[in-house]
Amino acid sequence: MDTAITDHLLSTTRAVRRRLDLDRPVAREIILECLRLALQAPTGSNKQSWRWLVLDDPAVRAQVADLYARNTGPVLDQRYALSPDAQTTRVYDSARYLVEVLARVPVLVVPCVQGRLDEPGSTYPAAFYGSIFPAIWSFQLALRSRGLGSVLTTPFHGEYEQQYTEILHLPHDMTPIAMVPVAYTVGDEFKPAERTPIESIARWNRWSEPS
Ligand SMILES: Cc1cc2nc3c(=O)[nH]c(=O)nc-3n(C[C@H](O)[C@H](O)[C@H](O)COP(=O)(O)O)c2cc1C
């Protein structure tokens, strides 16, 4: 395996918002190709309860974008009020840009889990959500390696889940987990992000022991 390539992919797959190419169409086949790869991800008890709703109809995307603006706009306003640091402020500015252009993003992918976390006999939260997020990330990596960008968003909470459910005609037992806007990127150079060094957030054997 060429780790120069895989390390580059893993360290430069970013949340892309401002550099989504809103004018270049995305073929259904490339979405399916990336989703096919995503299905190699792990699931708890090998359940594979993932389902994928892909929105490429402009009328449906417009409805979703309108609702997204109504629920994400106020959330961002609240977060700005908490005086975030410079890096976080950049993220919020970029998230606000996404709100404005969402209807023009060519494809929105809604990963779902068949089943509900609150139904009797359902699995525990770590397994429920943990059985879809690895696949979502694989999907995003596969997109990146083909010149497409994406960003994981999570608008399905509280009363909004019901409103999205109505727009998307989701059956009751289908839980929408995320919405991933997808487009080709403008340019393909992305950099590793600044992160807390691993040495200061990992320990060996017992948390109380110095590394
Ligand atoms: C669970 C989760 C929820 C997220 N929700 C949103 C969201 O609602 N809107 C958004 O624009 N980005 C969202 N993001 C993307 C993060 O803002 C982004 O990953 C983070 O700022 C780091 O940027 P990077 O991925 O480019 O390193 C989410 C990411 C995760 C993992």
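Here the structure is a predicted model, which means the values were calculated and not measured. The chain is numbered in sequence order, starting from 1.
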Inset, instruction - Check whether any side-chain N or O of Thr72 sits under 3.5 Å from a backbone N or O of Ala69 as a donor-acceptor pair, and report yes or no. - result: no
Inset, instruction - Taking atom types as modelled, find out whether Thr88 and Asp85 have a side-chain donor-acceptor pair closer than 3.5 angstrom. - result: yes
Inset, instruction - Check whether NZ of the Lys or CZ of the Arg Arg17 lies under 6.0 Å from the centre of the six-membered ring of Tyr97 and within 45 degrees of that ring's axis. - result: no
Inset, instruction - With rounding to the nearest 0.5 Å, note down the distance linking CD1 in Ile136 to CG in Leu141. - result: 12.0 Å
Legend entry - side chain to side chain contact (heavy atoms under 4.5 Å, CB included) assessment of Leu32 paired with Ile30: CA-CA 5 Å; Leu32 290 177; Ile30 201 160; over 6 Å; no
Inset, instruction - Apply the test side chain to side chain contact (heavy atoms under 4.5 Å, CB included) to residues Phe128 and Ile177: give CA-CA distance (whole Å), side-chain angles for both, the deciding distance (0.1 Å), then the verdict. - result: CA-CA 10 Å; Phe128 188 84; Ile177 304 294; 4.0 Å; yes
Inset, instruction - Verify the cluster assignment for Leu53 and Leu143: are they in a single hydrophobic cluster under the rule of side-chain heavy atoms below 4.5 Å apart? - result: no
Inset, instruction - Check for a donor-acceptor pair, side chain of Arg24 on one end and backbone N or O of Ala183 on the other, with a separation under 3.5 Å. - result: no
Legend entry - Min side-chain heavy-atom separation Ile31-Leu35 under 4.5 Å: yes
Inset, instruction - Only pairs at least two apart or in different chains count here, so list each salt bridge (charged side-chain N to carboxylate O under 4.0 Å, His left out) that has a residue in residues 174-183. - result: none
Inset, instruction - Report yes if some heavy atom in the side chain of Arg104 is under 4.5 Å from a heavy atom in the side chain of Asp23; otherwise report no. - result: yes
Legend entry - Rounded distance (nearest 0.5 Å) linking atom CZ of Arg18 with atom OG of Ser94: 5.5 Å
Legend entry - Residue pair Val182 / Ser150: nearest heavy atoms and the distance that separates them: CG2-CB, 4.3 Å
Inset, instruction - Flag the pair Val75 / Tyr92 as yes when at least one side-chain heavy-atom distance between them is below 4.5 Å, and no otherwise. - result: no
Legend entry - Rounded distance [0.5 Å steps], CG in Leu148 versus SG in Cys34: 6.5 Å
Legend entry - Side chain proximity check, Leu22 to Val101, heavy atoms < 4.5 angstrom: yes
Inset, instruction - Would you please say whether a donor-acceptor pair under 3.5 Å links the side chains of Asp93 and Tyr80? - result: yes
Inset, instruction - For Tyr160 and Pro155, work out which heavy atoms get closest and say how close. - result: CB-O, 3.9 Å
Legend entry - Worked verdict on Tyr129 versus Leu117 for side chain to side chain contact (heavy atoms under 4.5 Å, CB included): CA-CA 9 Å; Tyr129 293 108; Leu117 192 51; 3.6 Å; yes
Legend entry - Residues, nucleotides or ligands: over 12 heavy atoms within 6.0 Å of Arg79 CZ: no
Inset, instruction - Report the relative orientation of the aromatic rings in Trp50 and Trp52; use parallel for angles under 30°, tilted for 30 to 60°, perpendicular for over 60°. - result: tilted
Inset, instruction - Compute both the distance and the angle, then confirm whether Arg19 meets the cation-pi test with Phe190: under 6.0 Å from the six-membered ring centre, within 45 degrees of the axis. - result: yes
Legend entry - Beyond-backbone contact of Thr185 with Asp21, side-chain heavy atoms, under 4.5 angstrom: no
Inset, instruction - Could you tell me the separation between the CZ atom of Phe156 and the OH atom of Tyr68, rounded to the nearest 0.5 Å? - result: 10.0 Å
Inset, instruction - Kindly work out whether a path of hydrophobic side-chain contacts (I/L/V/M/F/W/Y, heavy atoms less than 4.5 Å apart) joins Leu20 to Val26. - result: no
Legend entry - From CE (Met179) to CG (Leu67), nearest 0.5 Å: 9.0 Å
Legend entry - N/O donor-acceptor pair under 3.5 Å between Arg203 side chain and Ser200 backbone: no
Legend entry - Side chains of Leu168 and Val64 in contact at under 4.5 Å (non-hydrogen atoms): yes
Legend entry - Whether Ser131 side chain and Thr43 backbone form a donor-acceptor pair below 3.5 Å: no
Inset, instruction - Could you pull out the closest heavy-atom pair between Ala62 and Ala103, with the gap in Å? - result: CA-CB, 4.2 Å
Legend entry - Side chain to side chain, Thr175 and Glu119, heavy atoms closer than 4.5 Å: no
Legend entry - Check: Tyr164 and Asn71 side chains under 4.5 Å, non-hydrogen atoms: yes
Legend entry - Shortest non-hydrogen separation from Pro134 to Gly130 and the atoms involved: CD-O, 3.0 Å
Legend entry - Ion pair check, Asp66 and Arg61, cut-off under 4.0 Å: no
Legend entry - Residue pair Arg144 / Thr12, side-chain donor-acceptor N/O under 3.5 Å: yes
Without placing hydrogens or testing angles, list every side-chain donor-acceptor pair under 3.5 Å for residues 106-116, not counting sequence neighbours.
{"unit_1": "Gln114", "atom_1": "OE1", "unit_2": "Arg51", "atom_2": "NE", "d": "3.2"}
{"unit_1": "Gln114", "atom_1": "OE1", "unit_2": "Arg51", "atom_2": "NH2", "d": "3.0"}
{"unit_1": "Gln114", "atom_1": "NE2", "unit_2": "Asp173", "atom_2": "OD2", "d": "3.0"}
{"unit_1": "Arg116", "atom_1": "NH1", "unit_2": "His172", "atom_2": "O", "d": "3.0"}
{"unit_1": "Arg116", "atom_1": "NH2", "unit_2": "Glu161", "atom_2": "OE2", "d": "2.8"}

Inset, instruction - Measure the spacing between CZ of Phe133 and OG of Ser138 and express it to the nearest 0.5 Å. - result: 13.0 Å
Legend entry - Atom of Ala135, atom of Ala38 and distance for their closest heavy-atom approach: O-CB, 3.3 Å
Inset, instruction - Sequence neighbours left out, what pairs pass salt bridge (charged side-chain N to carboxylate O under 4.0 Å, His left out) with at least one residue falling in residues 30-47? - result: Glu29-Arg36, Glu33-Arg146
Inset, instruction - Locate the shortest heavy-atom distance separating Leu102 from Pro181; write the atom from each residue and the value. - result: CD1-CG, 3.7 Å
Inset, instruction - Mark yes or no for whether Thr89, through its side chain, and Pro84, through its backbone, hold a donor-acceptor pair below 3.5 Å. - result: yes
Inset, instruction - Output yes when a side-chain donor or acceptor of Thr13 lies under 3.5 Å from a complementary backbone atom of Leu10, and no otherwise. - result: no
